[in-house]
Each structure stands twice: as C-alpha cells, then as structure tokens.
Amino acid sequence: MERVTVFEPVGRPAVLVHGGAWAIPAPEHGAHLDGCRAAADAGWAVLAAGGSALDAAVAAVVVMEDDPTYDAGRGSFLNRDGAVEMDAAVMRGEDLAFGAVASVRRVRNAVHVARAVLESGEATLVAGAGAERFAWSVGIERIDPSWLVVERERERYDAACARGAPTFTETFGDTVGAVAVDASGRVAAAGSTGGTPFKLPGRVGDTPIAGAGLLADDTAGAAAATGHGERILKTGLCRDALWRLDAMPLDASIAAALERLRRRADGRAGMIVVTPDGKLAAGYNTPAMAHAYRAAGMPTAVAAL
Ligand code: GLY
C-alpha cells in the first residue's frame, strides 16, 4: 500500500532528503533519523546562505555518503567481489543539466564526481575507471577503496559467501537522495548509492539514470527515488510521478506512480518530491522510509520514518 505525506505548506526555499525505503530495524531508527536530520540541516545551511538548490541537494547527500549508516559512500553494500561500487547523479531543473557516474570505487563522495560531470558539459553519465580518472583530473581526491568498507557490510558479505548461495532475499534500500527548491523556485535533485548487496560487479541501478532515480525540471518539480533499481528503471518512477502533476495533486501523483511500479514491475520503492512553488512530499510502498525536511522558520530539520 502506498503511503504519501505532503508536508505543511512550507514555501521557499526548502530541502527534503531521504535515507532509503525498506524495513528499517527498530534499533537502527535513531541513526537513520539523525543522519537524515543532519543532511537536511546541511542542505538548509546552503539555501539560507543564498546558495542554489543544486548546491543544497549536493551538500545534503554528502552528509549521508559520509555517514556509514546508509548504502552510499562509506558503508555501502559490497558487490560480489567484496568491493564497494557507487552510482550517483545530480540534476538542475532550470536547464535540465544532468551529471552522473556509475560503478566508481576510488572516490570518497560519488556525488561530487556527478556534480563535476554536470559542470564539465562534456558528458552526462560516465562509468567505471574512466569516471575515476575524470574525477582525479578535476582535483577530486583518489582514496584507498578499503576506506569505504565497514565491518557491518564485511560481515554481511562473509555471511552471504558462507551460505554458498550468493543471493539476497532481504529487502534492502539505503540509497540516499535530496531535492531542494531555492527562493526563486529553481529545483534540483541529487542521489547516491552503493547499489544492492552482492550485486554483479558493474551492475548499475536507477540512481544515475534521469527519470528513474531522479529528475529535476523547473516546469514540474524535482524527485529522487530509492528502492530496487531494476524495478524503478522499468517504470521510470520519478518521471512518472512528475508528469502526472499536470493532471493530479502532488500526493495523488506520487501514489499513482508507486502503485504503477508495484502493479507493473512488482516494485517496492520510496520517493521525495519538491515543486517549484515549495510543496514537499514523501511517499513509499515499503514498511518505512527515513526522511527529513527543513524550510524557513524551522529551527532544525524535522525527521520521520
Ligand atoms: N536504488 C538503488 C539501486 O538499486 O541501485
């Protein structure tokens, strides 16, 4: 069943983040809420200082990439080789500028590389070793990829190997994302992920694909998704929700896109949306989705599951 919350009219500027949609275990609720709150506060700090929606969305995602709670940056799931491989993307609604990277290993913040791809104007999606070389060429630090691996994920990987059946039946979805609108109604979206546990090396999900994992268009809004990328890709979840806004209210658009995902692709996911006039909403058809938002007049971000 789809669950959609439209937050009180908050106006502009505003930022909304998510930390993944899945059955988050109760003992982990605090960490997921705290991380989302810190990310929304970081995004808000950029907006309050007059920064752009894109800068705010990136700042929020960086906080969650650096937080090992989430499947993004440090703390990402390990692939079948026991390595972290990350996808990330950013999109600006004013001119549809888009930048994304896939399967990068030796950078700390994949979202910074995605942002650099956008700024380069030379490409929109760059993958693997080429993306890493591009990152280093624009001054992004090269790191030892072991820094990205945390004990929790090493144990999860070892358990999967010991089972001798390298498949996961659990539903995981700690991908992170942010959407923001600035004071003049310009929107942006950013997302980052380590993908799915024990994924095929080189596997790419929805996160770096415009229209699926995120979309930003000042004529409609900005959206960022989380969940099982193979399914989200099939229905183009973010595009589906934003295109419906011409014909239906925000909450109904999100619910309809999630319902279609479930009905047509058996997909479980969550998403966040901001509109150019400053409406914010979060929806999911999973047991929970950590999210947080902040706008003018709020002393700190408000987080919920
Ligand atoms: N939603 C993230 C992924 O499937 O890679």
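As the structure lists them, so they are numbered: ligands from 1, and atoms in each ligand from 1. Being a predicted model, the structure only gives us computed values, none of them experimental. Only this structure's heavy atoms are used, side chains among them; waters, hydrogens and symmetry mates stay out.
Between E119 and R115, at least one side-chain nitrogen of the basic residue sits less than 4.0 Å from a carboxylate oxygen of the acidic one, meeting the salt-bridge criterion. Salt bridge status for D66 with R108: present, with a side-chain N to carboxylate O gap under 4.0 Å.
Just one of T175, T226, D87 meets the side chain to side chain donor-acceptor pair (under 3.5 Å) condition when paired with T193; it is T175.
Two rings, from F198 and Y157, have their centers less than 6.0 Å apart.
Here atom 1 (N) of ligand 1 lies nearest to G227 when heavy atoms of G205, G227, A269 are compared.
The shortest N or O to N or O distance between G229 and ligand 1 is below 3.5 Å. For ligand 1, the polar-atom distance check finds an N/O of D206 within less than 3.5 Å of one of the ligand's N/O atoms.
Among protein heavy atoms, the minimum distance from atom 5 (O) of ligand 1 is reached at R203 NH1, 2.6 Å.
Per-residue contacts place T207 under 4.0 angstrom from the following atoms of ligand 1 (heavy atoms of the residue considered): 1 (N), 2 (C). Atoms of ligand 1 lying under 4.0 Å from at least one heavy atom of G195, given by number and element, are 5 (O).
The aromatic rings of F7 and H291 are tilted relative to each other, their planes meeting at an angle between 30° and 60°.
A cation-pi arrangement is absent between R268 and W22 under the rule of less than 6.0 angstrom and at most 45 degrees off the ring axis.
For T175, the closest heavy-atom approach to ligand 1 falls below 4.0 Å.
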